[in-house]
S.K.: 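Pasting in a structure now, in structure tokens, and then I'll have a few things to ask.
Every chain is numbered from 1 and lettered A, B, ... according to where its sequence line falls, protein lines coming before strand lines.
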Protein chains: 2
Amino acid sequence: MAAIVDPAGSAASDSPAPAAPSTKERILHAALESFGTTGFDGTSLDDLARHLGIAKQTILYHYASKDALLAAVVDHAAAELTATLEEALRSEELGWGRIERLVRSVFRLALRRPELLGLLREVSRPGSASAARLSDHLEPLVERARLFLEAEMAAGHLRSSDARLVLLSAYSTVVGVATEVEVLKAVGIEPTLRTTAVRRRELLRFLRSALVAD
Amino acid sequence: MAAIVDPAGSAASDSPAPAAPSTKERILHAALESFGTTGFDGTSLDDLARHLGIAKQTILYHYASKDALLAAVVDHAAAELTATLEEALRSEELGWGRIERLVRSVFRLALRRPELLGLLREVSRPGSASAARLSDHLEPLVERARLFLEAEMAAGHLRSSDARLVLLSAYSTVVGVATEVEVLKAVGIEPTLRTTAVRRRELLRFLRSALVAD
DNA sequence: GAACCTCCTGACCACATGGTAGAGGTTCGG
DNA sequence: CCGAACCTCTACCATGTGGTCAGGAGGTTC
């Protein structure tokens, strides 16, 4: 529908100049942060604007509505996620090594940008309208991962099992790591690098036991 | 949507009168359902009342405020959760068998009352005020589980590892099973009994590999 | 200097929200 | 029959919400 006119700012292709982010970008990032932690319903445009030190109407100038903003946020998050995974998948490594590399990169992301995975969790709520949008973005990636796993299984590099369910378990675990900080605290653990490393090791062990033929 | 009527089929209870639930109870259950799926912020008292066919003010008569309602819902959910776990823990079985029994009962719960685990997820959002309330309720249970695991480790029945992190992983998995239906669909799987069974098997395999000395 | 553009803002609006006040209505003991 | 506690309702309110409108500041073009 209302395709946001891309304001000439598509020049941000090559030079990684640390240029001051445009207002539009600042809004996007703040919204991602807030949607990913406080939730969509829990975030008001007024709060967002106040936090950014701008007028709410400025948000609505750049994004036609709150829903449009969410859509943009989802698009951005999907792109970022895809980039992370693509990078990890670039290696031509096969078998277990590739999986391990992938898991490590996602855990790094979970640690650095927990709100990004928080957004996943938020958006994938049952009945969410943006769920479809997100999965449209991620579907090819998932498909690719699935085909890779299945090919590896067929080739005998990995043990046969339901690739999609394995992916799902890995997903749950990583998102859990990023979003269940409160639970962590409740169990009496302060989230540290170490605990994350342990959980990563656990996931790897699980994947290994599920996928690697002994 | 209908059939809020709990079958009350707790296995070993002596035929409690299936009395029509009081308005207060109906409110509590509807709120649990809605908070656990649509979220707290996403649930308005008006919607809730309309859905129940009562006036909003009736809700506010029984529960002083929306927050008070949430508190009551959290209390109720914690009680239900505790009851489920307690029942599974009643057996004097030791070692792996007990763990397996526990996992099975929780999966059963995840299948039957996904909104209950959805509420967990909702409430354990970073910064949630009710997180503390929930963990107050569940803390003794967690502690008990931890001590059990550690004792079993010390006794050599289970392999040594960080009991709390194992618990956390199990938690993530189960809550994921209950709440990530949209993700499941996005990956191209319709949630069925079978997929749940597979994921339960996976969790058990993981726990086994983490806990059982080969 | 005028016309035009992009970016941003203050003033304002319709409406949904959580919450209050008060008026019945029902039930039950005295 | 009376009152009292309990429950539910209609009517209303203050505030916060997403969103509209008109316009201003700064720059570029002719």
S.K.: State, yes or no, whether a side-chain contact exists between B/Glu122 and A/Arg125 at a heavy-atom distance under 4.5 Å.
M.R.: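 Touching, per the 4.5 Å side-chain cut-off.
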
S.K.: If the condition is ring pair (Phe, Tyr, Trp, His ring centres under 6.0 Å), which residues does A/His51 pass it with, not counting sequence neighbours?
M.R.: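 Checked A/His51 against ring pair (Phe, Tyr, Trp, His ring centres under 6.0 Å); zero matches.
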
S.K.: Determine whether more than 12 heavy atoms belonging to other residues, nucleotides or ligands lie under 6.0 Å from atom CD of B/Glu143.
M.R.: yes

S.K.: Rounded to whole Å, how long is the line connecting atom CG of B/Leu52 with atom C1' of D/dC7?
M.R.: 15 Å

S.K.: Side chains of B/Leu89 and B/Arg98: closer than 4.5 Å at any heavy-atom pair?
M.R.: yes

S.K.: Can you tell me which residue pairs pass the side chain to side chain donor-acceptor pair (under 3.5 Å) test with a partner in residues 130-141 of chain A, sequence neighbours excluded?
M.R.: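 Only A/Asp75-A/Arg133, A/Asp75-A/His137 qualify under side chain to side chain donor-acceptor pair (under 3.5 Å).
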
S.K.: Looking at D/dT8, I'd like to know if its phosphate oxygens (OP1 or OP2) sit under 4.0 Å from a side-chain N or O belonging to B/His62.
M.R.: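 The answer is yes; a side-chain N or O of B/His62 sits under 4.0 Å from OP1 or OP2.
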
S.K.: Tell me, which of residues 29-39 of chain A have any heavy atom that sits under 4.0 Å from an atom in DNA chain D?
M.R.: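 Nucleic-acid contacts, sorted: none.
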
S.K.: To the nearest Å, how far apart are A/Ile59 CD1 and C/dC7 P?
M.R.: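 One finds 16 Å between P of C/dC7 and CD1 of A/Ile59, rounded.
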
S.K.: Any side-chain N or O of A/Thr23 below 4.0 angstrom from OP1/OP2 of C/dC8?
M.R.: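 Yes.
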
S.K.: Just so I know, are the side chains of A/Leu48 and A/Ser34 near enough to count as touching, which here means a heavy-atom distance under 4.5 Å?
M.R.: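 Side chain of A/Leu48 against side chain of A/Ser34, heavy atoms only: contact under 4.5 Å found.
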
S.K.: Please report the distance, rounded to the nearest Å, between CD1 in B/Ile27 and C1' in D/dT8.
M.R.: 10 Å

S.K.: Would you give a per-nucleotide map of nucleotides 9-21 of chain D, 5' to 3', where B means the base has a protein non-hydrogen atom under 4.0 Å away, S means only the sugar-phosphate does, and - means neither?
M.R.: BBB-----SBBB-

S.K.: Return the value, rounded to whole Å, for the distance between atom NZ of A/Lys24 and atom C1' of C/dT6.
M.R.: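 Value for this atom pair: 12 Å.
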
S.K.: May I ask you to test the A/Ser172-B/Thr173 pair for a side-chain heavy-atom distance under 4.5 Å?
M.R.: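 With C-beta onward as the side chain, the pair stays apart.
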
S.K.: Would you mind listing every salt bridge (Lys or Arg N to Asp or Glu O under 4.0 Å) that reaches into residues 165-180 of chain B, with sequence neighbours excluded?
M.R.: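 Listed once each, the pairs would be none.
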
S.K.: Would you please name every residue forming a side-chain contact (heavy atoms from CB on, under 4.5 Å) with A/Thr179, sequence neighbours left out?
M.R.: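 Checked A/Thr179 against side-chain contact (heavy atoms from CB on, under 4.5 Å); matches are A/Arg121, A/Val175.
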
S.K.: In whole Å, I'd like the distance from the CZ atom of A/Arg26 to the C1' atom of C/dC8.
M.R.: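 One finds 13 Å between C1' of C/dC8 and CZ of A/Arg26, rounded.
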
S.K.: Taking pairing as Watson-Crick or G-U wobble with both contacts under 3.5 Å, can you name the mate of C/dT20, or confirm there isn't one?
M.R.: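 Its partner is D/dA11.
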
